[in-house]
2 protein chains.
Amino acid sequence: MSTTEVSEVGAAEWALFDGFVAMHAELARELDRRLQRDAGISQADYAVLLTLFKAPERQLRPGALGELIGWEKSRVSHQLTRMVSRGLVERIECDTDGRGSLVVLTRAGRRALLGAMRDHALAIRALFLDLLEPDEKQAIASASSRVLQRLTESRELDAS
Amino acid sequence: MSTTEVSEVGAAEWALFDGFVAMHAELARELDRRLQRDAGISQADYAVLLTLFKAPERQLRPGALGELIGWEKSRVSHQLTRMVSRGLVERIECDTDGRGSLVVLTRAGRRALLGAMRDHALAIRALFLDLLEPDEKQAIASASSRVLQRLTESRELDAS
DNA sequence: GGAATGTAGTTGACGTGTCATCTGTTCTGA
DNA sequence: TCAGAACAGATGACACGTCAACTACATTCC
């Protein structure tokens, strides 16, 4: 019986993982689609615009931006290049550091963000938050932070 | 006080969503990195190889493959093109349908998959499954299927 | 002050994902 | 039987992400 039990436990766990991954994929796809349809921007655009909007002076160094969103520098750089070409943000010179630049929202970027925020928040509620029971929210929150913690440790271990 | 309560509840929920998204992103990145390092393939490659491997005759129509993995046809097609160029799979003619083709594993594809399976499973255990309490597993499983369900309904509604 | 070193950011190559469109086959029904 | 609809898949254009260089400014320390 132990064999059966073990493999059944195993099967349930793989199903859990697959379901979790599939759920995230579909959710992200749908949120992206709606954001694109309603406001003409992507989730990546949204993250950058929102982070800039919340920043003290509505402007950030690329490095700080990456830090806040959790992206590596080259991803930030590529994303900014695309957003500049779409007119959502601008790169300006940085007074205090000759290497760096400052990223600022354009009027169009600000408008796109404001147009997106309400719908995006509603979509996240309707497709995710409102479907969770309180204990599920608790479980997901604590599981997320534990897994994230583990990943960070594992990364630091690798780097050493 | 209700304002405070509402906004606090709101804040906790956004933190939950952000944490969940960040956790998934980091987890997927790390699994990808390890798969790439240990077996020289991506998660996308892995999904295709495994699905082919599990198929009755070790071969599938692109459409059926997409169905099983949950990908749309153009994604399948692009992925297959890349995998063919890397020698992991082959496209052969389909006898029974002049439009279609059949995808089969190459020897290299089979070897890559077998080399990847153990490490990949261990990584998923170590970075995810083993970190979850039983009740968290239960919560994530039921939440995933409920959200997925909702997304499917929403898609069908859109299509109509 | 000047060589070594670190840091901020960009770039190119490549793999991945989506949408719209196109080609060619199969099916269907008058 | 044959015109048109449905279907299987491929393709091009473009957005996104990662890794490995690379540029150029800033620091440090002799």
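Computed from heavy atoms alone, side chains included, the values below leave out hydrogens, waters and symmetry copies. No experiment lies behind these values; they were computed from the predicted model shown. Letters A, B, ... mirror the listed sequences (proteins, then strands); counts begin at 1.
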Donor-acceptor pair between B:Gln149 and B:Arg146 side chains, under 3.5 angstrom: no
Shortest non-hydrogen contact between A:Leu127 and A:Glu30, atoms and distance: CD1-CG, 3.6 Å
Test item: side-chain donor near acceptor, A:Gln79 and A:Arg82, under 3.5 Å: yes
Interatomic distance where CD belongs to A:Glu72 and C1' belongs to C:dT7 [whole Å]: 16 Å
Rounded distance (Å) that lies between atom C1' of C:dA8 and atom CD of A:Glu67: 13 Å
Interatomic distance where CG belongs to A:Leu35 and C1' belongs to C:dT18 [whole Å]: 15 Å
Euclidean distance, atom CD of residue B:Glu30 to atom C1' of D:dG17 [Å, nearest integer]: 16 Å
Donor-acceptor side-chain pairing of B:Arg34 and A:Ser154 below 3.5 angstrom: yes
Please enumerate all protein N or O atoms sitting under 3.5 Å from an N or O of nucleotides 10-16 of chain C, with distances to 0.1 Å.
| residue | atom | partner | partner atom | Å |
| --- | --- | --- | --- | --- |
| C:dT10 | OP1 | A:Arg91 | NE | 3.4 |
| C:dT10 | OP1 | A:Arg91 | NH1 | 2.5 |
| C:dT10 | OP2 | A:Ser77 | OG | 2.8 |
| C:dT10 | OP2 | A:Arg91 | NH1 | 3.0 |
| C:dT10 | O5' | A:Ser77 | OG | 3.4 |
| C:dG12 | O6 | A:His78 | NE2 | 2.7 |
| C:dT16 | OP1 | B:Ser42 | OG | 2.5 |
| C:dT16 | OP2 | B:Arg82 | NE | 2.7 |
| C:dT16 | OP2 | B:Arg86 | NH2 | 2.5 |

Annotated protein contacts, base or backbone, on nucleotides 24-29 of chain D with a non-hydrogen cut-off under 4.0 Å, one of B, S, - each: BBS---
Whole angstrom value for the distance that separates P of D:dC19 from CD of B:Gln36: 9 Å
Atom pair distance, as rounded to whole Å: CG in B:Leu65 and C1' in D:dG9: 13 Å
Nearest-Å distance for atom pair CZ/P, residues B:Arg34 and D:dT18: 17 Å
Aromatic plane relationship, B:Phe17 with B:Phe20 - under 30° parallel, 30 to 60° tilted, over 60° perpendicular: tilted
B:Arg91 versus B:Thr81, closest heavy-atom pair with distance: NH2-OG1, 2.7 Å
5′-ward residue of the pair A:Arg33/A:Arg61 relative to DNA chain C: A:Arg61
From CG (A:Leu80) to CE (A:Met83), nearest 0.5 Å: 7.0 Å
Option from B:Ile92, B:Val76, B:Val89, B:Val48 for which side-chain contact (heavy atoms from CB on, under 4.5 Å) with B:Val103 holds: B:Val89
Spatial distance of atom CD1 (B:Ile41) from atom CG (B:Leu113) [nearest 0.5 Å]: 6.5 Å
